[in-house]
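Step one of this worksheet: look at the structure below.
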Amino acid sequence: MIWAIVNTLFLQSVFISSASVSSKFSHIYKPSRMGTAVFHQSIGTHQSHGHLCNSGIHQELGKSSVRLISKAFDVKVGLSKGVCYSPGKRNLGVIRASSSQTSVIDHVSSPSKNKESDSRKKPNEAALILIRHGESLWNEKNLFTGCVDVPLSKKGVEEAIEAGKRISNIPVDMIYTSALIRAQMTAMLAMTQHRRKKVPVMLHNESEQARAWSQIFSEDTKLQSIPVVADWRLNERMYGELQGLNKQETADRYGKEQVHEWRRSYDVPPPNGESLEMCAERAVAYFKDQIEPQLLSGKNIMIAAHGNSLRSIIMYLDKLTSQEVISLELSTGIPMLYIFKEGKFTRRGSPAAPTEAGVYAYTKKLALYRQKLDEMVH
């Protein structure tokens, strides 16, 4: 099953039109219809949640069952039709998507209750999982990758699966990933290991037809799905004219100091590329605008992205300075856990820890979630 996912994801090109990418970078990404079709058929992800129709998207309140409680959520997703960094004006469409999500720890509640008054009674607590994609084929070859859409290596596939084992007891209500295949592969492979066995389903809101064609008509299927949003603003930083070059050969050509400055300085970009500062501007803005509101509502979020886009987000979460962030290293395929509560982010996991027990210091809510998972199995 896993290799079927890998093979089809390898063929898939991201189902986002590159129409809004500036002409300067439009050559970087060209979608493949055949790859997209194979991906849709093989994974069986009819990429959407909620009831969609030509006139718009309708939101419904969920149903309750003996154990699993369905909750409706309303998420605003800013979708750019581009893939890589566009220095010009971007045309971002804002849509609404409704989806049914389940939780094994929520109490049964009536849909008619005022949710705002409920939220005042107790502060929401949410888990935020950050995962840098597993090793890519160009990581393996020591090449600058940037926004080039390169899949995972065999080691990267194994790293993604191992990451999934580490988060198998952490609730995930929604997944955000970049528009690049290596991050999407990591998210999908990681979720194959989750104990809830929900299926990650790509949301396609790039056109009215895409929304209409990707409807899910089974309420039961919706309850067993996790919406996945892919956005180019979570992409790796664009390395410009370094993309595809061997890192050692580039150092020999330009000098180690110059290459180090391009790679590790905060505000010095490589030729025709992005600096970390430029990457942070788009990644952090997207996090604040799209992801943080979901955390505020109590949704548990996983982000599968890249070294520099995640470093940018961690800079925001941990309030790091520009000097501190340039020394931050993230290993491929190692998840990091944050708890969001009362408007504050607290890091609860260390990427260096070898076991789940070491990585995740459980909160009471997470401990109860794991207990419920154990009860469901037994």
Side-chain angles (χ1 to χ4, degrees), residues 14 21 25 28-29 80 82-87 128-140 142-150 152 156 159 163 176-187 230-245 247 250-251 258-288 290-291 302-336 338 347 351:
V14 181
V21 184
F25 298 112
I28 294 176
Y29 171 71
S80 167
V83 175
C84 289
Y85 173 70
S86 173
L128 172 63
I129 302 168
L130 306 180
I131 305 179
R132 182 188 174 191
H133 64 80
E135 181 192 71
S136 75
L137 288 172
W138 278 15
N139 291 145
E140 184 181 49
N142 199 33
L143 304 180
F144 286 102
T145 309
C147 279
V148 181
D149 209 0
V150 179
L152 298 180
E159 288 177 334
Y176 289 86
T177 183
S178 78
L180 301 176
I181 194 68
R182 57 191 184 272
Q184 295 182 15
M185 289 176 73
T186 299
D231 197 282
W232 73 273
R233 286 167 289 184
L234 295 175
N235 279 13
E236 179 59 282
R237 74 178 174 117
M238 207 288 230
Y239 270 95
E241 296 177 15
L242 301 185
Q243 292 185 166
L245 300 182
K247 294 177 182 179
T250 305
Q258 178 62 75
V259 173
H260 181 77
E261 183 177 41
W262 286 334
R263 295 186 64 192
R264 289 293 178 258
S265 64
Y266 183 69
D267 55 4
V268 178
N272 293 316
E274 282 185 301
S275 63
L276 178 57
E277 181 180 33
M278 295 162 71
C279 178
E281 286 177 1
R282 58 173 166 86
V284 174
Y286 182 77
F287 182 87
K288 290 180 178 179
Q290 302 297 332
I291 300 176
M302 182 176 85
I303 304 176
H306 307 265
N308 283 295
S309 55
L310 289 177
R311 287 166 71 202
S312 301
I313 292 172
I314 291 172
M315 180 183 181
Y316 168 69
L317 300 179
D318 291 351
K319 297 180 173 57
L320 303 179
T321 67
S322 59
Q323 290 302 310
E324 289 172 330
V325 74
I326 60 177
S327 61
L328 177 63
E329 294 289 344
L330 299 178
S331 300
T332 56
I334 302 296
M336 182 182 294
Y338 284 82
R347 188 193 294 187

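The cationic group of Arg282 does not satisfy the cation-pi geometry with Tyr286, failing either the under 6.0 Å distance to the six-membered ring centre or the 45° limit from the ring axis.
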### Stepwise side-chain contact (heavy atoms from CB on, under 4.5 Å) test for Leu317 and Leu130
CA-CA 11 Å; Leu317 300 179; Leu130 306 180; 4.1 Å; yes

### Pair Tyr338-Ile314, side-chain contact (heavy atoms from CB on, under 4.5 Å): steps then yes or no
CA-CA 10 Å; Tyr338 284 82; Ile314 291 172; 3.6 Å; yes

### Message
Between Leu234 and Ile313, is the side-chain contact (heavy atoms from CB on, under 4.5 Å) condition met? List the steps.
### Response
CA-CA 10 Å; Leu234 295 175; Ile313 292 172; 4.0 Å; yes

### Task
Report the C-alpha separation of Glu324 and Lys319 in whole Å, then their side-chain angles, then the decisive distance to 0.1 Å, and conclude whether the salt bridge (Lys or Arg N to Asp or Glu O under 4.0 Å) test is met.
CA-CA 9 Å; Glu324 289 172 330; Lys319 297 180 173 57; over 6 Å; no

### Task
Kindly indicate, with the supporting measurements, whether the criterion side-chain contact (heavy atoms from CB on, under 4.5 Å) is fulfilled by Asp267 and Ser322.
CA-CA 9 Å; Asp267 55 4; Ser322 59; over 6 Å; no

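How far CD of Glu159 is from CZ of Arg132: 9.0 Å, rounded to the nearest 0.5 Å. Here the OH-SG distance, from Tyr266 to Cys279, works out to 9.5 Å after rounding to the nearest 0.5 Å. Note that CG of Leu242 and CG of Asn272 are 10.0 Å apart. Values are rounded to the nearest 0.5 Å. For the atom pair OG1 (Thr250) and CG (Asn142), the distance works out to 9.0 Å, reported to the nearest 0.5 Å. Here the straight-line distance linking atom CG of Leu180 with atom CG of Asp149 works out to 5.0 Å at 0.5 Å rounding. Within the model, atoms OG of Ser178 and CZ of Arg233 stand 12.5 Å from one another, a figure rounded to the nearest 0.5 Å.
You'll find the side chain of Met278 reaches within 4.5 Å of the side chain of Ser275, heavy atoms only. You'll find the side chain of Ile131 reaches within 4.5 Å of the side chain of Met302, heavy atoms only. Between Leu330 and Met336, some side-chain heavy-atom pair lies under the 4.5 Å cut-off.
Across Arg182 and Ser136, no two heavy atoms sit closer than the pair CD-CB, 3.8 Å. The two residues Gln290 and Tyr176 make their nearest non-hydrogen contact at O-OH, 3.5 Å. Scanning all heavy atoms of the two residues, the minimum distance from Ala163 to Gly333 falls at CB-O, 3.2 Å. Across all non-hydrogen atoms, the minimal contact from Leu152 to Gly134 is CD2-O, 3.2 Å. Residue Ala183 comes nearest to Ala305 through the heavy atom pair CB-CA, 4.1 Å, listed as atom of the first residue, atom of the second, then distance. The shortest heavy-atom contact between Glu274 and Pro269 is C-CB, 3.7 Å.
When atom types are taken as modelled, the side chain of Gln243 and the backbone of Cys147 share a donor-acceptor pair closer than 3.5 angstrom.
Remark: Asp318 engages Arg347 in a salt bridge (charged side-chain N to carboxylate O under 4.0 Å, His left out) (not counting sequence neighbours). For Glu277, the side chain to side chain donor-acceptor pair (under 3.5 Å) criterion is met by no residue, not counting sequence neighbours.
Among residue pairs with one or both ends in residues 306-333, those qualifying as ring-ring contact (aromatic ring centres under 6.0 Å, His included) are His133-His306, Phe287-Tyr316; sequence neighbours excluded.
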